[in-house]
Amino acid sequence: DTEVTQTPKHLVMGMTNKKSLKCEQHMGHRAMYWYKQKAKKPPELMFVYSYEKLSINESVPSRFSPECPNSSLLNLHLHALQPEDSALYLCASSPHGQGVFKNIQYFGAGTRLSVL
Amino acid sequence: AQKVTQAQTEISVVEKEDVTLDCVYETRDTTYYLFWYKQPPSGELVFLIRRNSFDEQNEISGRYSWNFQKSTSSFNFTITASQVVDSAVYFCALSETQGGSEKLVFGKGTKLTVNP
């Protein structure tokens, strides 16, 4: 089973709202990722968590706040977003560390976010 | 810096035709990994293959085959006897290590349309 579950699938929010995106995996993976994907573009990495610690922040604006409460769960808290933040937000996980599959990233179906 | 180039932005074929998607990469690393992902209209990125830099054997999986050539820094993907269900955006990606974590550097993607 290589399932990464993201909720909600769709989200519409105003620029003054606070919302959260959720990502869950039960594959025992120890690395989790957030990507942002605009239409007709490749995914852009935002954050990487390794063993529940933030290891990469690709200079993402502070209105995006990641959180990794445990090894199975990854959240992305959103506050005071701009219309240009409208995009598909993808979560991924990978085994990390050693092993044959250590750096294969498995993606969820994404959350389509619209900021009005 | 790592770079992945997918020169073909869009390809359109008729069902049962063979089609090759090109991928050229740049890296200074001696050990690296290359990946192909498929993104259907639903949005989820589906892992197809990973190849490490020491393994230049070509691989075949059903109608899919991959040709890895280090001499030309290419990792091309061929679909034989294409089907409508193959319609998707295909991304080639290269691994890059940063801060003890691995990240993917994606090409811009090739949109494949298979017409009945």
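Just so it is clear, the model here is predicted, and its values are computed rather than measured.
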So which heavy atom on B:Y33 is nearest to which on A:N103, and how close? CD1-ND2, 3.1 Å
So, for A:F107 and B:Y37, is the gap between ring centers shorter than 6.0 Å? yes
Donor-acceptor pair, side chain of A:Y33 and main chain of B:K103, under 3.5 angstrom: no
Contacts of B:D55 that satisfy salt bridge (charged side-chain N to carboxylate O under 4.0 Å, His left out) - sequence neighbours left out: B:R51
Is the [atom1] atom of [X] crowded by more than 12 outside heavy atoms at less than 6.0 Å?
| X | atom1 | value |
| --- | --- | --- |
| A:Q82 | CD | yes |
| B:K108 | NZ | no |
| B:I60 | CD1 | no |

Say you draw a straight line from CD1 of B:I49 to CD1 of A:I104; how long is it, rounded to the nearest 0.5 Å? 9.5 Å
Gap separating the OH atom of A:Y35 from the CG atom of B:L104, nearest 0.5 angstrom: 4.5 Å
Compile the donor-acceptor pairs under 3.5 Å between side chains in residues 38-45 of chain A and protein atoms, sequence neighbours left out, one pair per line.
from	atom 1	to	atom 2	distance (Å)
A:K38	NZ	A:E84	O	2.8
A:K38	NZ	A:S86	O	2.9

Do A:Q37 and B:Q39 have a side chain donor and acceptor closer than 3.5 Å? yes
A:Q6 versus chain B, heavy atoms under 4.5 Å apart: side chain, backbone, both or neither? neither
